[in-house]
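Okay, structure first, notes after.
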Amino acid sequence: MLEINKLSVKYDNIRVLHYISMQIRKGEMVALIGANGAGKTTVLRTISGLLKAESGEILFEGKDITKMSSHNIVASGIIHVPEGRQIFTKMTIEENLKLGAYLQRDRSVIKRNFEKVFSLFPILKQRLHQQAGTLSGGEQQMLAIGRALLGNPKLLLLDEPSMGLSPIMTQQVFSVLESLKKEGITMLLVEQNAYEALEISDRAYILETGNITLEGRSSGLIQDPNVKKAYLGGD
Amino acid sequence: MDGFIYFLIQSVNGLKLGSVYAIVAVGYSMVYGILRLINFAHGDIMTVGVYTILVLMTAFGVPLWVTVLLSVVIAIAVGLATERIAYRPLRTAGEEATLISSLAVSIFMQNLIMMIFSPQRRAFHLPEYLSRLHTIGFIKLSTMNIITFAAVFIILIVLSLVIKKTRIGMAMRACSDNLNASKLMGININAVIVTAFAIGSGLAALSGLMLAGEYKTIDPLMGFVPGLKAFCAAVLGGIGSLSGAVLGGFILGIAEMLFAGLMPTDFTAYRDAFVFVLLILVLLVRPYGILGSKEGGRS
């Protein structure tokens with residue numbers, strides 16, 4: 001479904017991704033794991049067109065999206081839940097969700113997606129007319145995911161959804177991702193919380209200073225002694 | 001009693017001026033809200049609009065309402081051209097770069113107008129039916145003044161409805177809240193920015209006509225200071241907030257006219273300085289403007 005071939009990206013003249021290649025198949029949940037500054041966020045930002053690639057290509061459903069602008073990439077079905085949530089703090093929860101559905105034309109689809117989001121996150125329904133900036137961090141993350149679901153994603157890009165959340169909130173977010181996975185939504189999950197990410201995902205890539213150093217089935221990687229040592233804090 | 005009447009008359013004059021500042025400030029604030037760009041050339045778009053009217057009316061004898069329409073169209077075209085040529089290529093270069101670029105655009109436009117029309121002040125006369133005076137109590141208002149009040153009122157209401165209720169309005173609010181997140185919603189931010197510039201430029205052209213009609217003279221630099229004051233109005237009210245821009249516009253207009261009217265004549269030359277001092281005083285007490293909040297800045 002998504003194919004990244006020899007992608008390199010420069011940031012202020014410094015190459016931060018070195019010719020990386022990745023694939024995501026339909027219905028799959030793929031994790032991208034790495035230390036701070038490894039370039040995980042850059043991968044997502046380049047897929048969604050916020051950053052321009054220096055070379056290489058990104059194909060989505062066979063179509064080259066490398067040079068497309070963000071709004072066209074969103075229109076093709078790639079929805080990005082950005083790092084730090086990036087909700088519209090001065091607008092209401094309802095407006096945030098409506099903005100998620102900005103490109104959706106079919107009213108019945110919008111209505112269905114609204115109901116889906118409300119059943120996943122009942123708190124959003126209770127606070128519909130409240131300003132989004134007043135929500136707690138965990139609630140903001142729910143709003144960010146809910147907003148993305150209103151975009152009717154074919155591929156969901158999630159950047160550190162557990163960042164800054166309490167352990168209980170983190171569990172809630174991961175259980176939501178689990179249920180989205182069961183629904184068959186294809187996902188690319190960037191996480192520092194490597195253990196959780198490997199637990200939930202089908203496959204994973206490990207990114208170190210802009211290079212993919214390891215890839216494979218998550219169930220295998222979680223047993224890998226090197227991965228354990230570097231990312232899982234175990235021995 | 002005479003003093004009070006004089007005060008009233010000056011207040012009404014302040015309302016006239018304030019309504020002009022208000023709609024220019026709205027355009028300023030809209031563009032600033034999305035791009036964090038202080039567009040110094042905004043006031044000069046006003047001048048472009050006025051000179052368009054002058055040429056069409058005096059040289060070609062086109063009826064006023066047609067020239068007003070055309071001046072709005074031309075002002076929008078010039079506004080969009082400056083966005084495309086002078087601001088868009090610099091969008092990733094930081095706010096200082098676009099600020100300097102906007103100063104350059106302003107100086108360029110002022111000089112271009114001087115080259116075409118000479119730097120001389122010119123008389124600007126509205127048709128007689130517009131400058132006819134009506135007396136309401138102690139206050140004299142021209143037909144043009146009444147049309148201006150009505151127009152500003154309608155423009156502000158329509159604009160606030162557009163921003164609150166329509167899809168493009170919601171997109172504009174989203175862009176000024178969080179530009180990057182707006183891209184991720186599938187909003188074509190260039191289209192939103194172009195819309196903001198178009199609305200701002202069109203309003204600037206209309207306000208130019210209102211100012212020229214009031215002062216009856218025009219010159220190539222006429223837009224710059226009102227543009228600056230409109231910016232002050234936007235900051236005073238709380239930049240990025242449209243109701244703040246309107247409020248700031250009226251406060252500045254009224255304060256300026258009261259100062260000009262009530263101070264001894266020796267001081268009236270300092271009315272521009274007074275406006276800027278007022279801005280500083282308000283910002284000392286409310287650093288984010290009257291209706292602004294810390295949240296108004298983008299995190």
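Per chain, numbering begins at 1; letters A, B, ... match sequence-line order. What you see is a predicted model, and the numbers here were worked out from it, not measured in a lab. Atom set for the values below is all heavy atoms of this structure, side chains included, hydrogens, waters and symmetry mates excluded.
Contact annotation for A/Leu99: both backbone and side-chain heavy atoms come within less than 4.5 Å of a heavy atom of chain B. Proximity to chain B is absent for every atom of A/Ile73, based on heavy atoms less than 4.5 angstrom apart. With a 4.5 Å cut-off on non-hydrogen atoms, A/Arg147 touches chain B through its side chain but not through its backbone.
Across B/Lys183 and A/Leu50, no two heavy atoms sit closer than the pair CD-CD2, 3.5 Å. The shortest heavy-atom contact between A/Gln86 and B/Ala181 is O-CB, 3.3 Å. Nearest heavy-atom pair, B/Gly186 versus A/Tyr102, reported as atom, atom and distance to 0.1 Å: O-CD2, 3.9 Å.
Your options are B/Arg173, B/Met170, B/Met185, and the one with the most heavy-atom pairs under 4.5 Å with chain A is B/Met185.
Between the side chain of B/Asp177 and the backbone N or O of A/Thr89, at least one donor-acceptor pair lies under 3.5 Å.
Side-chain contact between B/Asn180 and A/Pro82: absent, with no pair of heavy atoms (C-beta onward) separated by less than 4.5 Å.
Applying the salt bridge (Lys or Arg N to Asp or Glu O under 4.0 Å) criterion to A/Lys98, with sequence neighbours excluded, gives no partner residue. Listed by chain and residue number, nothing satisfies the salt bridge (Lys or Arg N to Asp or Glu O under 4.0 Å) test with B/Arg167 (two or more places apart in sequence, or in another chain).
Counting heavy-atom neighbours within 6.0 Å of B/Phe276 CZ, excluding the residue itself, gives a total above 12. Other residues, nucleotides and ligands contribute at most 12 non-hydrogen atoms within 6.0 Å of the NZ atom of A/Lys67. By the 6.0 Å contact criterion, NZ on A/Lys125 is open, its count of non-hydrogen atoms from other residues, nucleotides or ligands being 12 or less. When the shell of 6.0 Å around CZ of A/Arg15 is examined, it contains more than 12 heavy atoms from other residues, nucleotides or ligands.
Rounded to the nearest 0.5 angstrom, B/Leu184 CG and A/His80 NE2 are separated by 6.0 Å. Once rounded to the nearest 0.5 Å, the distance linking SG of B/Cys175 with CZ of A/Phe88 reads 7.5 Å.
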